[in-house]
**Q** 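A single structure is presented below for examination.
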Amino acid sequence: MAGLLMSLLLVTSVPLGAQSAPSTAPYADTQLADPAQEAEARDLMETLRCVECQSQSIADSDAPLAGDMRSIVRERIESGDSPEQVREWLVDRYGDYISYAPVVRASTWPLFAIPLILILLAGMLLRRRLSVRRARRDERT
């Protein structure tokens, strides 16, 4: 009976421990020695989306993948890369979705153009509607 109870306890506790495993990356939760570099890293981490959580930045996420990404950001900034170079490297690796500040590219220009086109269409429709109203009002008088 004790063996069955221990087996049941082991089977139910392993999945719980697997999901809360901390990141093994060296700089996941360790700040850089240089405060200026750490500030650059933190600012950049706030603008990068966790690909596992998808609603949190990597600075706020507790996911192991976010810890690995924090470590990458800190390592690359410590080695002398600029925040934009680190962002480009991560976008190349994970795609445009990772950045909260998307860049206009061949694949993303519709995201920027479609709202402008819709605003122009709405303006044209409004202008036409107002001119038709004005013409009807002028006919009556």
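In this text the structure is predicted, and so the values were computed from the model without any measurement. Computed from heavy atoms alone, side chains included, the values below leave out hydrogens, waters and symmetry copies.
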**Q** Can you tell me which residue among Gln31, Glu38, Gln37 is in a side-chain hydrogen bond (donor to acceptor under 3.5 Å, both in side chains) with Arg74?
**A**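 Option passing the side-chain hydrogen bond (donor to acceptor under 3.5 Å, both in side chains) with Arg74: Glu38.
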**Q** How about Leu65 and Tyr94: do any of their side-chain heavy atoms sit closer than 4.5 Å?
**A**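 Yes; the side chains approach each other to less than 4.5 Å.
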**Q** When you check the side-chain N and O atoms of Ser57 and Asp60, is any donor under 3.5 Å from an acceptor?
**A**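 Yes.
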**Q** Say you draw a straight line from CE of Met124 to CD1 of Ile119; how long is it, rounded to the nearest 0.5 Å?
**A** 14.0 Å
**Q** In Å and rounded to the nearest 0.5 Å, what is the CG to CG distance from Leu130 to Leu125?
**A**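 Leu130 atom CG to Leu125 atom CG measures 11.0 Å (nearest 0.5 Å).
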**Q** Do you reckon Leu120 sits in the same ILVMFWY cluster as Ile117, going by side-chain contacts under 4.5 Å, direct or chained?
**A**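 No, separate clusters.
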**Q** Could you check Arg87 against Leu44 for side chain to side chain contact (heavy atoms under 4.5 Å, CB included), going step by step and ending with a plain yes or no?
**A** CA-CA 8 Å; Arg87 177 190 307 283; Leu44 178 59; 3.6 Å; yes
**Q** Is Arg76 reaching over with its side chain to a backbone N or O of Trp89, donor-acceptor style, under 3.5 angstrom?
**A** no
**Q** At what distance, to the nearest 0.5 angstrom, does CE of Met45 lie from CG of Asp43?
**A** 9.0 Å
**Q** Ignoring hydrogens, what is the shortest heavy-atom contact between Val91 and Ile98? Give both atom names and the distance.
**A** CG2-CG2, 3.8 Å
**Q** Below 4.0 angstrom, N of the basic side chain to O of the carboxylate: do Glu139 and Arg136 qualify?
**A**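 No, no charged N to carboxylate O under 4.0 Å.
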**Q** Side chain of Arg49, backbone of Tyr97: donor and acceptor closer than 3.5 Å?
**A** yes
**Q** Would you say Ser99's side chain and Asp96's backbone share a donor-acceptor pair under 3.5 angstrom?
**A** no
**Q** Looking only at atom types and distance, does a side-chain atom of Ser61 sit under 3.5 Å from a main-chain N or O of Ile58, one as donor and one as acceptor?
**A**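 Answer holds: no.
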**Q** Assess whether side chain to side chain donor-acceptor pair (under 3.5 Å) is satisfied between Ser79 and Glu75, documenting all intermediate values.
**A** CA-CA 6 Å; Ser79 71; Glu75 287 171 3; over 6 Å; no
**Q** Are side-chain heavy atoms of Val73 and Leu90 found at a separation under 4.5 Å?
**A**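 Result yes, sub-4.5 Å side-chain heavy-atom pair found.
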